[in-house]
Amino acid sequence: MKKGGIFLNRVFMALVFLFLYAPIFVLIVFSFNDSKSRTVWNGFTLRWYVELLQDRQIMNALSTTLLVSLLATVIATAAGTMAAVGFFNMKKRWRSPLLAINSIPMTNADIVTGVSLCLLFVAFFGGWETFARWLNGAQSLFHLPARLHMGFGTLLIAHVTFNIPYVLLNVMPKLRQMDKNLIDAAQDLGCTWMQAFWKVVLPEIKPGIVSGALIAFTMSVDDFIISYFTAGSGASTLAMVVYGMTKLRISPKINAISSLLFITVLTLLVIVNVREARQEKQIAQRRL
Amino acid sequence: MKNKRSLFAVPYVGWMALFVVAPIVMVVIYAFTAAGGGLTLENFSRMGSYAVVFTRSFHLALIATAICLLIGYPVAYMISREGPGLQRVAMMLVMLPMWMNFLLRTYSWMSILENTGLLNRFFSAIGLFKLLNTVFGTDLEYFAMINTKGAVVLGMVYNYLPFMILPIYSVIAKMDGSLLEAARDLGANSFGVFRKVILPLSLPGVLSGVTMVFVPSVSTFAISKLLGGSNELLLGDLIEQQFLGTAYNPYLGSAIALVMMVIVVVCMALMNRFGEGEEQAVML
């Protein structure tokens, strides 16, 4: 390609990245602004970062967000990997329709997923209330709570539900790529199937599991719509707090907390990438 | 022996039945239920009054998807032409914004686009308004950018552009380089290689990118609320109002959600059929 073409390409890419990062940059800059305004610069301050630590609502939302994302990622990664092994060993006649159902939460609009889960939870709670009242009336050994509410539990269920498909679809191709003779060899050498799985299969499909977990966590952190419909009033994530604030005015404390999160993720990604690049270099050198 | 291991899938199949299939069945049941109970089609006939919202949603989502494709395809293609190190960094940069919740990023656009926002301040600082006012004799103080359809489309493009870039990039990056060489050896110029080899082969990526942008765009409600004000009500807003908002009516809300779901599924099925035809043509 001509040199001018490459230059123009780079300019175009730079513009696109400017578009992607301009709002983030604005957000971070105004987290240091010494006034509540989000458009006028009034001098540098760290006071929003200090006040942030004393803000119960935001800190609670932060811990809810992180906790639900982490728990959902761990559960979805384990369940998705297990399901992938099961699907992989299934006859195609069964696998195809199940994979189609698996992709429903990914292709469905978030709002449909959220609304449908909300309906399910409400209906279940209604049924539970009737059941609990009947049981409490029929015996006096123990007392079941009759009124259940949406909260952290339902939020977690929703997140696990929309995370598993991503893990499954990341692990399945790795299972397919794996040399099947490896398991046979391990078993011939005296491993039980379980041992073969832990020692042979798992290391082989690890890249798929890791990328699946990463995508799941990203989806959980980025989600607002499904959380909004399934958390009820019992729990709120950061995004829900922000959404509640948009009706009035968003506190610069929100800018501060998002800047902190962003910088943390950026640092982690840089560390991981530098390490990977270094490892690749070492491998390349060894080959030479 | 093989069948026994498929039992590992049993817990997840149960989970899917409970939390994927059952909720959708609930939506269908609610859509056909009257507010007082009993089977009805009233929820669907009432929807006629919201035809404006339907057309607006699909219209804006289509525009946003087209813009995402026009920007996303070249970006994905250019990234795949860079060295491996730069490719990795570029893909990381595409993914990274998603780690800052999309509501926050959309909110940030509010401060950029407002009438007294950063862009308008910038324009007035460089004297653009003075210039325009003297040239055209107008009385401009700011460009009205927020609370317009354009702002909503911008929000959609901004939020969902990575979903267009990622699948297209992963398809192009996996493409067999020898195919391109073969095309060149057989006399195709670089435009011919692109049109006859790269474009058809990347079509699956384009299709999944289009799906991943169109579906969230057509159903969004936060973006329209933040950037479109109250003028640009979308399908998502309509559904949200029926469930958690002022116009509480989950039956109507379910009906709207069901119709939206069916239209989207039909669109996707049509598009996939069209896409498959193309792929076969390439193979022939």
Side-chain angles (χ1 to χ4, degrees), chain A residues 1 9 12-13 16-17 19-24 26-27 30 38-39 79-80 82-83 85-87 89-90 94 98 101-102 104-105 107-112 115-120 123 157 161 164 218 221-222 224-225 228-229 238-239 242-243 246 250 254 258 261-262 265-266 269 273 277, chain B residues 2 5-13 16 19-24 26-27 30 71 74-75 78 85 88 92-93 95-105 107-109 111-112 114 116-118 121 158 161 211 215-216 218-219 221-222 226 236 239 243 250 253-254 257 260-261 264 268:
Chain A
M1 207 182 277
N9 283 352
F12 178 71
M13 271 210 299
V16 171
F17 280 118
F19 172 64
L20 284 177
Y21 281 88
I24 296 177
V26 169
L27 212 62
F30 278 91
R38 60 181 187 205
T39 50
M82 208 169 106
V85 173
F87 275 30
N89 286 303
M90 215 175 259
W94 289 99
L98 285 174
I101 298 176
N102 174 65
I104 289 178
T107 45
N108 237 345
D110 277 0
I111 197 166
V112 176
V115 158
S116 63
L117 279 167
C118 174
L119 282 179
L120 178 84
I157 290 177
T161 306
I164 293 179
T218 313
V221 172
D222 194 45
F224 160 66
I225 297 178
Y228 181 64
F229 283 103
L238 262 183
V242 174
Y243 187 69
T246 49
I250 294 187
I254 291 291
S258 16
L261 282 176
F262 186 76
V265 171
L266 188 65
L269 277 180
N273 269 281
Chain B
K2 202 174 179 186
R5 256 161 245 148
S6 68
L7 291 180
F8 278 108
V10 168
Y12 180 49
V13 172
M16 283 200 297
F19 296 116
V20 177
V21 179
I24 289 176
M26 293 288 302
V27 170
Y30 265 68
I71 302 175
V75 169
M78 287 170 199
R88 205 214 313 255
M92 200 183 86
L93 285 177
M95 287 273 281
L96 192 59
M98 276 197 262
W99 284 73
M100 192 174 250
N101 193 285
F102 90 96
L103 261 185
L104 288 166
R105 286 176 280 136
Y107 158 70
S108 185
W109 274 111
S111 31
I112 297 177
E114 270 175 339
T116 56
L118 296 170
R121 274 171 201 281
Y158 175 76
L161 184 60
T211 315
V215 173
V218 84
S219 62
F221 74 89
L226 261 56
I239 298 174
F243 279 92
S254 298
M260 190 177 79
M261 206 161 81
V264 168
M268 294 306 138

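Keep in mind it's a predicted model, so treat the numbers as computed, not measured.
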From [atom1] ([X]) to [atom2] ([Y]), nearest 0.5 Å:
X	Y	atom1	atom2	value
A:Leu27	B:Met100	CG	CE	5.0 Å
A:Ile104	B:Ile24	CD1	CD1	4.5 Å
B:Met78	A:Asn9	CE	CG	4.0 Å
B:Arg88	A:Asn273	CZ	CG	5.0 Å
B:Met95	A:Leu269	CE	CG	8.5 Å
B:Leu103	A:Ile250	CG	CD1	8.0 Å

Counting C-beta onward and ignoring hydrogens, is there a side-chain heavy-atom pair between [X] and [Y] closer than 4.5 Å?
X	Y	result
B:Asn101	A:Ser258	no
B:Leu96	A:Ile24	no
B:Trp109	A:Val26	no
A:Asp222	B:Arg105	yes

Sort out for me which of [options] touches chain B most, counting heavy-atom pairs under 4.5 Å.
options	result
A:Leu98, A:Val115, A:Thr107	A:Val115
A:Ile254, A:Val242, A:Ile101, A:Leu261	A:Ile101
A:Phe30, A:Phe87, A:Phe12, A:Trp94	A:Phe12
A:Val221, A:Leu266, A:Thr218	A:Thr218
A:Phe229, A:Phe262, A:Tyr21	A:Tyr21

Residue pair [X] / [Y]: nearest heavy atoms and the distance that separates them:
X	Y	result
A:Leu119	B:Met26	O-CE, 3.7 Å
A:Leu120	B:Ala22	CD1-CB, 3.9 Å
B:Val20	A:Pro105	CG2-CG, 3.9 Å
A:Ser116	B:Val27	CB-CG2, 3.4 Å

Is [X] close to chain A through its backbone or its side chain, or both, or neither, when contacts mean heavy atoms under 4.5 Å?
X	value
B:Val13	side chain
B:Tyr107	side chain
B:Val10	neither
B:Ile112	side chain
B:Leu118	both
B:Pro216	neither
B:Phe243	side chain

Contacting region of A:Leu238 [heavy-atom separation from chain B under 4.5 Å]: neither

Contacting moiety of A:Val16, where chain B heavy atoms sit under 4.5 Å: side chain

Ring geometry between A:Phe224 and B:Phe221 (parallel below 30°, tilted from 30 to 60°, perpendicular above 60°): tilted

Plane angle bin for B:Tyr158 and A:Phe19 - parallel if under 30°, tilted between 30 and 60°, otherwise perpendicular: perpendicular

When B:Ser219, B:Pro23, B:Ala9 are compared by non-hydrogen pairs under 4.5 Å with chain A, the top option: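 Looking at each option in turn, the highest pair count goes to B:Pro23.
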
Derivation of the side-chain contact (heavy atoms from CB on, under 4.5 Å) call for A:Leu20 and B:Leu93: CA-CA 9 Å; A:Leu20 284 177; B:Leu93 285 177; over 6 Å; no

